[in-house]
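Scope of the values below: all heavy atoms of this structure, side chains included, with no hydrogens, waters or symmetry mates.
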Amino acid sequence: MVSWKMMSWKLVAVVCTVVFLVLGILIGKFGIPPDLPSWLRGMSIDGDSSLTERLMKEIRADNIEKNLKYFTQKAHIAGSPREEEELVNYIFNEWKSHLDSARIYPYSVLLSYPNASDPNYVAVQLENGTEADMSAKVEKILNPDQEEDPTVVNPFNAYSLPGTVMGDPVYVNYGTIEDFTYMKRNLSIDLNGTIAIARYGKIYRADKVKHAAEFGCVGMVLYSDPADYAVDSEVRVYPDDWWLPGTGVQRGTVLPRDGDPLTPYYPSIESAFYQKESDSFSVSAIPVTPIGYDDAIKYLRKISGPEANSTWQWGLNVTYRLGPGFIPPYSNSKLKLHVRTYNERRMTHNVIGYIRGEHEPDRYVVLGNHRDAWVFGAVDPSSASAAMMELSRAFGELLKDGWRPRRSIVFCSWGAEEHGLIGSTEWVEELVKILGTRAVAYLNVDIAVEGNTTLMASGTPNLYKLLHESAKKVENPNPDEIANGRKTVFDTWLANDPSDYDPTLPHIGELGSASDYTAFLQIGGIPCIDMSYTYSKTYKLSDYPMYHSAYETFDLVSRLMDRGFKYHQAVARLLGVMTMTLAEKVILDLDCTQYANKLERMVKDIQTHYGPLFEKHGISMDGVVKAIQEFKEAARNLHGRTETVELTNPLEVRRLNDQLMDLERAFIDPLGISGRPWYRHVIFAPSLHDAYGSSSFPGLTDALFDIENDPDQARRWEQVKKEVSVITFIIYSAASTMKGVNDIGGL
């Protein structure tokens, strides 16, 4: 007989078994999360990093070489049949083949051309009315690549005011505002009625012309000095080396603003209202034309007047004098400038290639390069066009194998960039409502390779980290650098161009208005980057030597600049890595803390240069400093939330990504920079006196320029106070976009 005690223990065991069984079922049902749906699991993890490696391996140097040879077969200036029909259709068909889809955006815009039957020229008008020392009207053929192409346009400056003017010559160095001010204020040289001879380089050519007109000149002649474009000219020039020969001439626009001059602020689409040319900014204030240094020396050696100081003496075998006027026996002669440049409405086209994102198709990673060239354009822009076409093909290979990015990728081939960033500006103006809410970033490569020394880049601070980390993943294209222990693009970049604030990071410059990123940043408030492989800083060049000349050919690039096209390949790979990272990571790789650090450095520079003046006029930057501290704290907290967010919560991920994206938009002032409303970014914009250069806190920088010499001191310092107030508000406003959603209600 079983004892009652034993039965009790058995009963307890049964009850415990049942309890544990029930608990196990409950824990299994409620304590362990079920398997995630495949769609949610897929969008909660970063893309496969091995695909980035495969993309880089897929990018082939020999394909880039073939692409460049095709693009440079003939000249393709904006508005020409070769540019607007053949190349547009070629790229469209390639992208239709490799990508998900493609589209052509047409725009009717005002373009500018030289008169083929009445070319521009410069000459000395003798006292008896005859002309002497006439400049060459065409560039001499030096290589078979240049032959048999009647579509090559003669040297000219687009949108120059046409006309024939005569005057005493003056030499104005680079034609910067400082150069002109020095001549008038320090040397008391009367520039009224003169024709200025200026060297290319340092600043945007349109600003040289603007300065000349403001100081009373009636015309301007631009030339490329050997000191800027042919450093080793005593040894060899093209076709023996890459240095500019004396017959080379740099073409280029002198349009003072970006986009179609007849439709400012609005796209040149079918419904557009077109201003009259007389009411637009479609021509320069005075006639201007470019010449080569073989011609420039003929005029410079005849100029009279005081000898220029040593910093204005350059590469020609002549004593540079300032003028005005000529030395005997040419004392009664004048410099004659004959310009017959004309404007004409023509069609230009942007080609857009598209890869649809799988999880966030309404978020666009945009990358682009312009297509048009002044002549053959082997460096600018076709080195980048060739690289981008190969990158798009490589992405197409991934698509064929079933890959699809998290976000959409948009490839852009811009038209009419050389005339004034026209294609990209019109596109952003047309689609700003879409791009302003959907574009993650714009990655620009105007030129892939202008030298073979190191990477060069400019961009918004939120892309610094991405660019640095991406460059570490790209193999160094230079075997000598690899042998010296510098295995990646990043390593050589750091060795050649370290930043001034952190010796462990390469320098990244600020964005001005030198390429197609301008509208994205200034109108859309979209993070931007621009990059290329460049030459050694020791050369102290103004640009790569053949810039915008007829000698910028396939032969130049393939024989003298990048044999084997390894540098082109490296740039294409870098662009690919950045694109993949932005398109594939769950949390966007946009670093707001870098923006905070940059703002701190900018304010310190202002305080260093203007602190005593500010104190004298009762102006304090304390409000700006306080705003930056709030900005810095908000950025730190935002990135802290990105590190702890539950990646399986798509709404939370989307909210944080929107905050990372929207930061750049917060720096846009809809009223624009004071006096220059077409530029709207309060932190970075082109310089007032050099559109190629960037200006930090542009409104404030404009207000402070030459302020001590303005007779109306009260008005100028009131403007400075206003600009400090605007900066303070904008930084506070930007900080608010990074805070938690409950901050608006005080939680």
* For Thr72 against Leu68, the heavy-atom pair lying closest together -> OG1-O, 2.7 Å
* Side chains of Ser50 and Asp48: is there a donor and an acceptor less than 3.5 Å apart? -> yes
* Which residues pass the side-chain contact (heavy atoms from CB on, under 4.5 Å) test with Glu58, sequence neighbours left out? -> Arg393, Ala394, Glu397
* To do: Taking side chain to side chain donor-acceptor pair (under 3.5 Å) as the test, write out the residues that go with Ser280, two or more places apart.
  => Ser282
* **Inter- and intrachain pairs under salt bridge (Lys or Arg N to Asp or Glu O under 4.0 Å), touching residues 352-379, at least two apart** => Glu83-Arg371, Glu84-Arg371, Glu360-Arg406, Glu360-Arg407, Glu360-Arg654, Asp362-Arg654, Arg363-Asp658
* Modelled atom types, side-chain donor and acceptor of Tyr567 and Ser383, under 3.5 Å -> no
* **Any residue meeting ring-ring contact (aromatic ring centres under 6.0 Å, His included) with His349, in chain and number order, not counting sequence neighbours** => none
* Flag side-chain contact, heavy atom, 4.5 Å: Ile352 against Phe411 -> no
* Below 4.5 Å, heavy atoms only, C-beta onward: do Arg404 and Asp100 meet side chain to side chain? -> yes
* Kindly indicate whether the side chain of Glu426, heavy atoms from C-beta on, has any atom under 4.5 Å from the side chain of Thr348. => no
* Indicate whether the side chain of Glu664 and that of Asn462 have a donor and an acceptor atom separated by less than 3.5 Å. => yes
* Assess whether side-chain hydrogen bond (donor to acceptor under 3.5 Å, both in side chains) is satisfied between Asp258 and Ser513, documenting all intermediate values. => CA-CA 9 Å; Asp258 305 327; Ser513 181; 3.0 Å; yes
* If the plane angle is over 60° it's perpendicular, under 30° parallel, otherwise tilted; pick one for Tyr442 and Phe520. => parallel
* What about Trp403 and Phe395, are their ring centers closer than 6.0 Å? -> yes
* Asked: Can you name the ring-ring contact (aromatic ring centres under 6.0 Å, His included) partners of Tyr342, sequence neighbours left out?
  -> none
* Asked: Val474 and Ala570: which non-hydrogen atoms are nearest, and at how many Å?
  -> CG1-O, 3.7 Å
* **Straight-line distance of Ser424 OG to Asn369 CG, nearest 0.5 Å** => 11.0 Å
Can you give each donor-acceptor pair under 3.5 Å made by side-chain atoms of residues 526-534, sequence neighbours left out, with the distance rounded to 0.1 Å?
residue	atom	partner	partner atom	Å
Asp530	OD1	Asn444	ND2	2.7
Thr534	OG1	Glu450	OE2	2.7

* Taking the six-membered ring for Trp, are the ring centroids of Tyr544 and Tyr547 within less than 6.0 Å of each other? -> yes
* Asked: In terms of side-chain heavy atoms, does Ser542 have a donor or acceptor partner in Tyr229 at a distance below 3.5 Å?
  -> no
* Structure fact -> So CD1 of Ile77 and CZ of Arg251: to nearest 0.5 Å the spacing works out to 8.5 Å
* **Results of side chain to side chain donor-acceptor pair (under 3.5 Å) for His468 - residues two or more places apart only** => none
* Structure fact -> Residues at least two apart in sequence or cross-chain that pass side chain to side chain donor-acceptor pair (under 3.5 Å) with Ser558, listed by chain then number, are none
* To do: Kindly write out the residues that satisfy side-chain contact (heavy atoms from CB on, under 4.5 Å) with Ala158, not counting sequence neighbours, or none if the list is empty.
  => Ser112, Phe156, Thr253, Trp374, His419
* Given side chains that start at C-beta, do those of Tyr274 and Asp260 come closer than 4.5 Å, heavy atoms only? -> yes
* Asked: Can a donor-acceptor pair be found between the side chains of Asn157 and Thr341 at a distance below 3.5 Å?
  -> no
* Asked: Side chains of Glu344 and Leu111: closer than 4.5 Å at any heavy-atom pair?
  -> no
* Structure fact -> Between Tyr107 and Gly423 the two heavy atoms that sit nearest each other are CE1-O, 4.4 Å
* To do: Could I get the full list of side-chain contact (heavy atoms from CB on, under 4.5 Å) partners for Ile434, not counting sequence neighbours?
  => Tyr364, Leu431, Arg438
* Asked: Do you see a donor-acceptor pair shorter than 3.5 Å between the side chains of Thr553 and Tyr238?
  -> yes
* Would a distance-only check, ignoring hydrogens and angles, find a side-chain to backbone donor-acceptor pair under 3.5 Å from Ser97 to Asn93? -> no
* To do: Applying side chain to side chain donor-acceptor pair (under 3.5 Å), name anything that partners Glu277, two or more places apart in sequence or on another chain.
  => Asn343
* Under the side-chain contact (heavy atoms from CB on, under 4.5 Å) rule, collect the residues that match up with Val249, sequence neighbours excluded. => Glu139, Pro155, Pro290
